[in-house]
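Notes follow the structure.
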Amino acid sequence: MNPPLSRSSETTRRDFVVSTLSAGFALAVQPVMATAISTNSNNLKTEVVQIPVADGTIPAYQAMPDRGKNFPVVLVVQEIFGVHEHIKDVCRRLAKLGYLALAPELYARQGDVTKLSKIEDILQVVKQVPDAQVLSDLDASVAYLKNMGQADLSKLAITGFCWGGRIVWLYANHNPQVKAGIAWYGPLTGEKTALKPQFPLDITSTLKVPVLGLYSNFQVKELY
């Protein structure tokens with residue numbers, strides 16, 4: 001697992017851009033069709049929680065059954081639009097199936113993308129997010145769940161969408177506690193940078209966790 005972020009890369013608690021999660025869908029996905037799936041919270045416990053991380057706290061959406069304990073866990077990783085209503089709904093769907101689902105806001109230091117209406121502006125925020133920060137925050141999320149006392153971390157999985165699909169592969173390779181991952185599309189390869197030094201195709205030889213990748217035929221053809 002990654003060590004805590006160095007002091008030179010830390011952000012003070014007051015510098016975090018996102019301290020809570022926005023309600024509803026991100027501006028960039030408006031207008032939302034009336035047919036959009038909306039899962040109710042009946043028989044669930046849902047809340048926004050604060051995850052202690054190396055340099056402060058980040059918000060996360062949490063959903064689980066309102067009765068029982070020792071729930072299997074699914075980490076839910078956002079797409080570029082942040083932890084908005086779609087990601088929260090995914091958490092509630094998983095909770096209806098008996099899981100404890102947790103979606104941490106992984107751009108908390110860089111910006112609140114749910115309030116941005118232009119994709120170009122969102123991408124300017126996203127490209128500032130280091131992989132090391134993301135993996136460290138997901139480690140912190142697992143530590144939070146361990147301290148909660150209601151999670152069965154022997155049954156830990158991760159799923160993510162688009163930007164989060166890439167993170168699924170990286171975190172499954174990073175954390176030996178993860179038992180399975182599901183990546184909903186997202187880049188398998190690309191230009192490497194100091195903030196993004198690896199892509200899924202770079203870690204296939206060391207990956208020891210089963211990951212189901214869901215990609216369109218067009219995306220696969222673009223890689224070859």
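Note that the structure is predicted; figures quoted are calculated from it, not measured. Just the heavy atoms: all of them, side chains too, but no hydrogens, waters or symmetry mates, feed the values below.
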Margin query: Can you confirm whether Q198 sits close enough to K192 that some side-chain heavy atom of one is under 4.5 Å from a side-chain heavy atom of the other?
Written below: no
Check: So how far is it from L44 CG to T39 OG1, rounded to the nearest 0.5 Å?
Finding: 9.0 Å
Note to self: Using a 6.0 Å cut-off, check whether atom OH of Y99 has over 12 heavy atoms from anything other than its own residue.
What the structure shows: no
Check: Do you reckon F199 sits in the same ILVMFWY cluster as L207, going by side-chain contacts under 4.5 Å, direct or chained?
Finding: no
Item checked: Intermediate values then yes/no, side-chain contact (heavy atoms from CB on, under 4.5 Å), L102 and V73 -> CA-CA 8 Å; L102 183 73; V73 174; 5.7 Å; no
Note to self: Side chains of I51 and D137, heavy atoms from C-beta outward: is any pair under 4.5 Å?
What the structure shows: no
Notebook entry, point to check: Does the side chain of D139 come within less than 4.5 Å of Y171's, by heavy atoms?
Noted result: yes
Item checked: Modelled atom types, side-chain donor and acceptor of N42 and K96, under 3.5 Å -> no
Check: Between A140 and V53, which heavy-atom pair has the shortest distance, and what is it?
Finding: CB-CG1, 3.8 Å
Margin query: Quick one, Y185 with W163, criterion ring-ring contact (aromatic ring centres under 6.0 Å, His included). Give me CA distance, side-chain angles, the key distance, then yes/no.
Written below: CA-CA 8 Å; Y185 42 95; W163 179 89; over 10 Å; no
Check: Is the side chain of Q150 donor-acceptor paired with the backbone N or O of F71 at a distance under 3.5 Å, no angle test?
Finding: no
Item checked: Derivation of the side-chain contact (heavy atoms from CB on, under 4.5 Å) call for V77 and I158 -> CA-CA 8 Å; V77 186; I158 183 168; 3.7 Å; yes
Next item on the list: Of all the heavy-atom pairs spanning A108 and I58, show the shortest one and how long it is.
Entry: CB-CG2, 3.7 Å
Check: Which atom pair, heavy atoms only, marks the closest approach of L195 to K127?
Finding: CD1-O, 3.5 Å
Check: Counting distance only, does the side-chain N/O of T159 pair as donor-acceptor with the main-chain N or O of I182 below 3.5 Å?
Finding: yes
Note to self: Determine whether a donor-acceptor pair (N or O, by modelled atom type, separation under 3.5 Å) exists between the side chain of E105 and the backbone of V83.
What the structure shows: yes
Notebook entry, point to check: If you take all heavy atoms of E79 and C162, which pair is closest and at what distance?
Noted result: CB-CB, 3.9 Å
Next item on the list: To the nearest 0.5 Å, tell me how far L145 CG sits from M148 CE.
Entry: 6.5 Å
Note to self: Is it true that, when you exclude K155 itself, more than 12 heavy atoms of the residues, nucleotides or ligands shown sit nearer than 6.0 Å to its NZ?
What the structure shows: no
Check: So, T206 versus N173: side-chain donor-acceptor pair below 3.5 Å or not?
Finding: yes
Checklist line | Any donor-acceptor N/O pair, K196 side chain to V129 backbone, under 3.5 Å | finding: yes
Notebook entry, point to check: Where is the tightest heavy-atom contact between Y215 and A183, given as atom of each residue plus distance?
Noted result: OH-CB, 3.8 Å
Checklist line | Inter-residue atom distance H174.NE2 - S136.OG, 0.5 Å rounding | finding: 7.5 Å
Margin query: Looking at K69 and D152, is there a salt bridge between them, counting it only when a charged N and a carboxylate O are closer than 4.0 Å?
Written below: no
Notebook entry, point to check: With a 4.5 Å heavy-atom cut-off, do S141 and K146 have their side chains touching?
Noted result: no
Notebook entry, point to check: Side chains of E120 and Q124: does their closest heavy-atom pair fall under 4.5 Å?
Noted result: no
Item checked: Heavy-atom closest pair, residues V76 and C91 -> CG2-SG, 3.9 Å
Item checked: CA sep, side-chain torsions, deciding dist, call: Y107, Q78, side-chain contact (heavy atoms from CB on, under 4.5 Å) -> CA-CA 10 Å; Y107 307 159; Q78 66 209 55; 3.3 Å; yes
Next item on the list: Output, in order, the C-alpha distance, side-chain angles, deciding distance and verdict of side-chain contact (heavy atoms from CB on, under 4.5 Å) for I119 and F81.
Entry: CA-CA 9 Å; I119 298 295; F81 306 112; 3.6 Å; yes
Next item on the list: Could you tell me the separation between the CZ atom of R166 and the OG1 atom of T189, rounded to the nearest 0.5 Å?
Entry: 10.0 Å
Margin query: So, taking the atom named CG in L188 and the one named CG in D202, what distance separates them when rounded to the nearest 0.5 Å?
Written below: 10.5 Å
Notebook entry, point to check: So do the side chains of Q110 and Q133 get within less than 4.5 Å of each other, counting heavy atoms only?
Noted result: yes
Check: Is any side-chain heavy atom of Q62 closer than 4.5 Å to a side-chain heavy atom of T46?
Finding: no
Check: Are any non-hydrogen side-chain atoms of Q177 and L153 less than 4.5 angstrom apart?
Finding: yes
Item checked: From CG (L214) to CZ (F161), nearest 0.5 Å -> 9.5 Å
